Amino acid sequence: MSIKRKNPEDLRSHRWYGVHDLRSFGHRSRTAQMGYASEEYAGKPVIAILNTWSEINPCHTHFKQRVEEVKRGIWQAGGFPIELPVQTLSEPFQKPTTMLYRNFLAMEVEETLRSYPADGVVLMGGCDKTTPALLMGAISMDIPAIFVPAGPMLRGDWNGQTLGSGSDTWKYWADLRAGKITEDDWKGVEGGIARSPGHCMTMGTASTMTSAAEALGFTLPGFASIPAPDSRHAQMAARTGLRIVEMVWEDLKPSDIVTARSVDNAVTTCLALAGSTNAIVHMIALARRAGVELTLERYDELARRTPVLANIRPAGEYLMEDFYYAGGLRAMLKELGNLLDGTQRTVNGNTLAENIADARIFDDAVIRRRASPLMPDTGLAVLRGNLAPDGAVIKPGAADPKLHVHTGRAVVFRDYSDMAARIDSDALDVDENCVIVLQHAGPIGAPGMPEWGQLPIPQKLLKKGVRDMVRISDARMSGTSYGACVLHVAPESFIGGPLALVKDGDLIELDVPGRKLNVLISDDELARRKAAWVRPEPRFARGYGAMHQIHVMQADKGCDFDFLQREGAGGSRPADEPEIH
Ligand code: FES
């Protein structure tokens with residue numbers, strides 16, 4: 001394909017630096033104030049590097065170094081790098097949940113790029129919500145954009161055992177509560193579970209979304225699988241800097257990369273990885289930013305035809321470090337073959353098929369062949385019924401198979417505090433056949449739809465050896481979690497969704513093969529309860545939270561703000577870029 005190249009006068013930054021007026025005098029004189037001679041930037045693409053590094057984000061500690069490698073590449077390619085800090089969204093520390101702030105970062109990305117002289121952007125993220133937020137903002141801004149994934153951390157290690165982020169936290173916490181390990185053991189796990197820079201190395205949201213970003217076409221091929229401390233990660237960072245400058249001259253933008261087909265490729269990738277359920281919400285949101293309507297039904301269709309090939313915890317056995325040594329994402333994508341559309345363009349200018357042509361699987365215990373998948377088609381199921389008219393999701397592969405079809409008595413908690421106060425009480429009327437229900441944990445009610453969906457199993461049942469039960473909420477669940485947890489129930493209970501109407505003792509029917517989720521009471525009784533339902537007081541009276549509760553959409557629409565989605569996905573197109581004076 002012949003590529004029409006831009007001239008320096010076509011650069012967006014030309015309006016800041018290249019014209020002869022009073023404003024541009026200010027831009028040039030202030031750039032000189034920062035120590036740059038005019039020949040260092042004149043006529044060159046200005047590359048914004050949006051860095052989510054901070055001293056409270058353990059997954060991004062190496063970004064202080066990586067950003068220097070990105071800059072090195074940009075300088076070498078004849079660009080002018082400008083590092084801009086953006087919100088850090090640190091999964092372990094930010095409360096009540098980073099999800100509340102995903103859209104905040106997405107807006108910050110878009111408006112930072114719009115308001116400064118950026119011709120192209122390098123997005124640096126990896127810790128859970130940073131990846132979708134950075135991509136959402138860049139897609140909306142639609143200038144050349146490339147992603148630097150943080151890379152997974154090394155395997156955890158304790159007493160000769162391999163530890164996986166999140167998954168082993170829940171496992172050993174349950175063991176501690178059941179009296180199977182000591183406090184000293186628990187301290188040992190604490191010290192060994194996160195022992196290098198990088199994001200969680202299980203198939204949590206971070207590994208899922210960075211892999212999705214690569215399959216969508218936003219990273220250099222192979223980048224998402226490289227462990228953070230590996231020197232090849234640093235080399236890829238420099239290559240990313242080199243490439244973004246070319247992308248600016250070629251005017252290769254997110255709108256050239258995000259199509260309904262490339263979105264299907266990314267979703268198929270998430271499914272073949274047995275990826276985090278959080279990716280559903282993020283993929284829907286970022287697709288809608290590009291005007292692509294990704295529905296839960298499409299997700300379910302793709303789930304039914306996609307085998308799970310990645311044998312990674314929590315669904316499988318290994319960790320991301322093993323996945324990299326086994327051939328990495330490129331090898332898995334090649335094995336997916338005709339389930340992907342290889343014609344889709346990616347940031348290096350090649351198609352997906354070209355990028356994976358020479359990939360090989362080196363260990364097919366870690367990356368399974370299609371002929372012997374980890375699971376044939378059970379990566380994810382979308383449920384509907386009178387309890388979830390707009391959908392709910394479950395990861396059947398992470399649940400005890402005997403719970404896939406189950407009817408049980410509801411034990412209802414009206415919010416997280418209620419659950420925390422009563423779940424371990426000996427007086428709680430619960431047995432292993434019950435269905436635990438948590439209300440008010442959704443996008444508006446919690447607020448921010450936290451990862452509370454792996455509801456705890458009551459202690460008295462844990463002590464009896466019970467390790468899984470059907471649990472239902474409008475919350476999300478960490479990708480490193482497991483269990484028969486029905487999530488993302490929409491509409492959420494806080495706004496009067498049917499989950500708000502469930503009472504202790506109601507029978508709830510889960511039927512994963514039939515894709516059903518129902519409360520077994522009559523329509524009349526449901527209507528009576530709805531008429532008596534009283535809407536709770538809003539969570540916020542002012543500030544970002546107040547804006548969030550007014551504008552956030554439900555989980556089936558990706559929890560984006562209603563005014564940020566693009567035409568074609570049911571929303572209005574954002575105003576054109578304003579004139580710059
Ligand atoms: Fe950052 Fe898990 S805490 S990815």
Side-chain angles (χ1 to χ4, degrees), residues 48-71 82-109 111-112 121-137 147-154 156 163-170 173 187 189-202 204-210 213 227-229 233-234 237 276 278 282 320 416 446-452 476 478-481 540 543-545 548:
I49 307 172
L50 300 189
N51 193 350
T52 50
W53 174 89
S54 79
E55 287 187 343
I56 200 160
N57 196 326
C59 304
H60 297 177
T61 48
H62 57 314
F63 274 0
K64 229 177 179 176
Q65 177 62 33
R66 290 292 172 277
V67 75
E68 298 307 321
E69 287 138 5
V70 171
K71 287 179 192 170
I82 295 177
E83 182 184 355
L84 292 155
V86 288
Q87 199 186 154
T88 197
L89 303 188
S90 175
E91 196 64 28
F93 289 99
Q94 197 168 23
K95 307 296 179 202
T97 162
T98 49
M99 185 62 188
L100 184 63
Y101 298 104
R102 184 201 64 181
N103 297 347
F104 194 124
L105 174 56
M107 290 178 76
E108 187 186 4
V109 167
E111 299 310 323
T112 299
V121 58
V122 177
L123 309 161
M124 297 184 66
C127 189
D128 284 21
K129 315 304 178 292
T130 55
T131 303
L134 291 165
L135 291 177
M136 287 161 70
F147 181 62
V148 171
M153 64 177 101
L154 300 177
L163 299 177
S165 320
S167 304
D168 279 312
T169 310
W170 325 129
W173 179 240
K187 278 209 164 51
V189 172
E190 181 180 302
I193 201 165
R195 61 187 185 91
S196 84
H199 60 66
C200 291
M201 73 324 233
T202 38
T205 304
S207 302
T208 310
M209 286 309 301
T210 52
H233 193 273
S276 165
N278 288 328
H282 301 320
M320 285 300 285
Y416 189 86
M449 203 181 176
E451 292 183 340
W452 295 340
R476 294 174 301 114
S478 165
T480 60
S481 304
F540 299 95
Y544 173 75
H548 182 277

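Note that the structure is a prediction, hence the values are computed from the model and not measured. Nothing fancy with the numbering, it's 1 onward along the sequence.
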By side chain to side chain contact (heavy atoms under 4.5 Å, CB included) - contacts of F93 (at least two apart)
I56, P58, S90

Between D128 and A206 (side chain of the first, backbone of the second, donor and acceptor by atom type, cut-off under 3.5 Å), is there such a pair?
yes

Taking the side chain as every heavy atom from C-beta outward, state whether N51 and L84 have any pair of such atoms under 4.5 Å apart.
no

Taking the side chain as every heavy atom from C-beta outward, state whether Y101 and K129 have any pair of such atoms under 4.5 Å apart.
no

Taking atom types as modelled and ignoring hydrogens, do the side chains of T88 and S54 form a donor-acceptor contact shorter than 3.5 angstrom?
yes

What is the distance from atom OG1 of T97 to atom CD of E91, rounded to the nearest 0.5 Å?
6.0 Å

Identify, with sequence neighbours excluded, every residue that meets side chain to side chain donor-acceptor pair (under 3.5 Å) alongside E69.
Q65, R66

Quick one: side chain to side chain donor-acceptor pair (under 3.5 Å) partners of E190, sequence neighbours excluded?
none

For the side chain of T202 and the backbone of S167, is there at least one donor-acceptor N/O pair under 3.5 Å apart?
no

When you measure from the side chain of H282 to the backbone of M136, do you find a donor-acceptor pair of N or O atoms at a distance under 3.5 Å?
no

Name all residues meeting the side chain to side chain donor-acceptor pair (under 3.5 Å) criterion together with T169; count only those two or more places apart in sequence or in a different chain, and write none if there are none.
none

For H60 and H199, I'd like to know if the aromatic rings sit close, meaning centre-to-centre distance below 6.0 Å.
no

Between atom OG1 of T131 and atom CZ of F147, what is the distance when rounded to the nearest 0.5 Å?
3.5 Å

Write down the atom of V70, the atom of V148, and the distance for their closest heavy-atom approach.
CG2-CG2, 4.1 Å

Under the rule for salt bridge (Lys or Arg N to Asp or Glu O under 4.0 Å), what residues qualify as partners of R476, not counting sequence neighbours?
E451

What pairs with E83 under salt bridge (Lys or Arg N to Asp or Glu O under 4.0 Å), at least two apart in sequence or on another chain?
K71

For a 4.5 angstrom cut-off between non-hydrogen side-chain atoms, does H548 reach L100?
yes

Tell me, do F104 and Q87 make a side-chain contact under 4.5 Å, heavy atoms counted?
yes

